[in-house]
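Report on the structure given below.
This is a predicted model, so every value here is computed, not measured. Atoms within each ligand, like the ligands themselves, are counted from 1 in listed order.
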Amino acid sequence: MSATKYIFVTGGVSSSLGKGIISASLATLLQSRGYSVTIQKFDPYINIDPGTLNPYEHGECYVTNDGAETDLDLGHYERFLNRPTSQENNVTTGRIYQSVIDKERRGDYLGKTVQVIPHITDEIKRRMKLLGQTGEFEFIITEIGGTVGDIEALPYIEAVRQFKWEMPDDCMVVHLTLIPFLAAAGELKTKPTQHSVKLLQESGVQPDVLVCRSEYPIGDDIKRKLALFCNVKKESVVESLDAESIYAVPMLMRNEKLDEIVLKRLNLPADGKADLSRWKDFLYKLRYPSTEVKIGLIGKYVELRDAYKSIAEAFIHAGAANDCKVSIDWIHSESILTPEDVKKKLEDLDGILVAPGFGERGFEGKLQAVQFARENNIPFFGICLGMQCAVIEYGRNVLGLKDANSAEINPKTKHPVIDLMESQKNVTEKGGTMRLGAYACDLVENSLAQRIYRRKSISERHRHRFEFNNKYLEKYEAGGMKATGFNPDTGLVEIIEIPDHPWFLGAQFHPEYKSTVTNPHPLFISFIAAAIEFSKKNP
Ligand code: GLN
């Protein structure tokens with residue numbers, strides 16, 4: 001294949017239609033035909049990255065190997081494609097403007113007025129091409145955040161127009177839209193889509209394909225109508241019905257021949273079929289599990305499930321690997337303060353996961369959950385703050401360190417068993433300054449972690465400021481909590497375990513970011529296996 005092909009995915013009518021899933025599904029179909037594909041997301045907001053956003057605002061902040069704090073859609077890209085993304089895969093308006101303003105200060109535009117067109121749009125185009133220029137990918141799918149018509153997305157749409165003008169044969173636009181059903185009229189309505197396509201056309205962009213989200217089959221008549229009024233081929237109007245799982249969407253898109261439409265439009269052979277056998281196996285296991293476990297996910301953002309997206313997805317992957325349906329009981333850590341609450345909310349669970357998080361709200365409830373899991377031999381998995389909670393709980397209730405705490409929660413505590421790293425003490429800026437991205441971790445021989453990973457050394461992704469305080473290491477190890485994973489360069493503790501407990505493990509890193517359909521994460525697989533064991537013994 002000669003040139004890299006660029007596919008842009010825009011959204012119309014409504015937000016939350018699932019551009020990320022459609023992009024990932026199309027990428028999966030192309031990948032399963034043997035093409036190398038990556039997906040990037042351009043977000044129209046002014047934050048440099050979502051790292052400083054409250055999860056209530058924007059869901060989970062996903063982290064790449066190279067330490068970018070990104071939109072959660074990048075998680076979908078990795079989970080579907082089983083290929084790591086990087087800094088380059090997520091760009092925001094903030095980042096675009098920052099580079100243009102830096103160049104202006106350096107004098108790169110001396111004598112010129114710096115403007116949205118051409119300077120901002122040129123910078124957008126430059127970034128849109130970066131991954132294509134690595135020569136690694138045959139297809140670059142670019143998801144444009146937001147909805148067509150948003151003022152802030154205009155420069156991106158203009159960049160897409162120029163792209164199409166510059167390389168008409170190697171570039172195309174897929175527009176994802178909504179066909180609402182009006183119950184009173186008993187009809188599916190095409191007008192909102194006609195209007196959103198008109199908006200695109202006003203900006204000079206003609207979509208090549210319409211992917212129509214709908215609760216009901218849209219039928220031939222509606223396809224014809226949409227094609228006529230939106231100026232696209234009828235075969236290029238694709239229906240996207242609500243799916244039972246996001247992982248079923250590639251199959252739905254296959255049935256609608258989205259991959260063939262795209263290949264034909266880009267003048268590539270569309271005979272032959274995508275090999276989706278592994279994908280189908282996974283879906284089969286998802287659909288027909290032979291057992292079920294209930295896992296409590298203890299966090300303080302549980303009202304918004306997107307805040308724990310990667311964890312929820314990792315459970316789906318690990319469930320399929322264990323032939324088991326994992327149902328998650330979302331438990332607000334502020335709701336489990338009294339012993340009665342704790343018992344009521346946690347006693348039916350087969351496993352307890354204390355989630356990552358920041359700050360004091362809901363902290364005591366998380367400690368209660370750890371204690372309940374530890375004392376009742378319920379499989380326990382602590383991630384990041386969840387691991388730190390496990391250390392604090394053990395300090396207070398087993399080692400007799402009454403004031404054990406994290407310096408994040410109480411900077412004056414007598415026993416800062418979780419403390420700020422030396423290198424973090426002088427950090428004042430909040431954005432992008434945590435310990436971020438992939439770090440190596442050596443595993444202790446014969447530990448639970450080492451038996452699970454079956455490796456001596458692993459690499460996992462981080463996003464935190466605070467660490468296990470090694471001044472307390474000896475006391476913990478003598479008292480029954482073992483550190484079983486260490487950073488080989490700094491000696492920082494990355495994993496803790498209680499060997500006397502059937503399955504009790506805390507990880508300072510975030511294993512959930514690396515779990516994919518093809519490579520479910522070993523820690524999650526093992527945790528679910530332990531939960532199945534537990535449920536058999538405690539029916
Ligand atoms: N707040 C903790 C820290 O910064 C944990 C962060 C997390 O759970 N991601 O160390």
Side-chain angles (χ1 to χ4, degrees), residues 49-65 67-70 72 75 297-302 304 306-312 314 332-333 352-367 369-370 380-393 395 404-411 413 416-439 441 460-470 472 483 485 487 490 492-496 505-515 523:
D49 60 43
T52 55
L53 293 181
N54 186 320
Y56 287 129
E57 285 272 318
H58 203 256
E60 166 188 282
C61 175
Y62 188 74
V63 179
T64 58
N65 276 336
E69 296 178 278
T70 75
L72 59 76
L297 189 154
I298 323 293
K300 68 170 176 176
Y301 308 110
V302 291
L304 183 74
D306 271 1
Y308 303 106
K309 193 83 207 161
S310 294
I311 293 177
H332 204 297
S333 55
I352 291 179
L353 181 142
V354 175
F358 294 83
E360 200 180 354
R361 186 169 68 91
F363 191 73
E364 290 301 319
K366 292 182 177 175
L367 298 181
V370 178
F380 169 84
F381 195 1
I383 299 185
C384 209
L385 183 66
M387 171 268 202
Q388 298 175 352
C389 287
V391 170
I392 293 163
E393 191 278 327
N405 213 333
S406 164
E408 178 182 10
I409 310 298
N410 176 10
T413 178
V417 293
I418 302 293
D419 202 1
L420 210 52
M421 285 177 273
E422 219 31 64
S423 59
Q424 280 283 343
K425 289 199 170 144
N426 297 321
V427 170
T428 52
E429 295 218 343
K430 290 274 186 268
T433 55
M434 284 186 255
R435 175 147 84 111
L436 287 168
Y439 284 86
C441 167
E460 292 280 3
R461 300 181 197 171
H462 292 247
R463 181 173 187 252
H464 56 101
R465 268 181 226 290
F466 294 83
E467 303 281 353
F468 182 91
N469 184 342
N470 275 336
Y472 290 88
N487 181 302
T490 56
L492 288 169
V493 170
E494 310 283 39
I495 304 175
I496 55 94
L505 187 145
Q508 185 58 80
F509 48 81
H510 290 259
E512 70 274 22
Y513 293 142
K514 283 182 76 172
S515 186
L523 287 179

What does the 4.0 Å heavy-atom contact list look like for ligand 1?
Pro356, Gly357, Phe358, Cys384, Leu385, Gln388, Glu408, Arg463, His464, Arg465, Phe466, His510

Hydrogens and angles aside, do Arg465 and Thr433 bring a side-chain donor and acceptor to less than 3.5 Å of each other?
yes

Taking all atoms of both residues into account, what is the closest heavy-atom pair of Asn405 and Thr413, and its distance?
CB-OG1, 3.7 Å

Across all chains, not counting sequence neighbours, the salt bridge (charged side-chain N to carboxylate O under 4.0 Å, His left out) partners of Lys309 are Asp306, Glu313

Within 45° of the axis and under 6.0 Å from the centre of the six-membered ring of Tyr439, does NZ or CZ of Arg435 qualify?
yes

Report the relative orientation of the aromatic rings in Tyr513 and His510; use parallel for angles under 30°, tilted for 30 to 60°, perpendicular for over 60°.
parallel

Please determine whether the number of non-hydrogen atoms from other residues, nucleotides or ligands lying under 6.0 Å from atom NZ of Lys425 exceeds 12.
yes

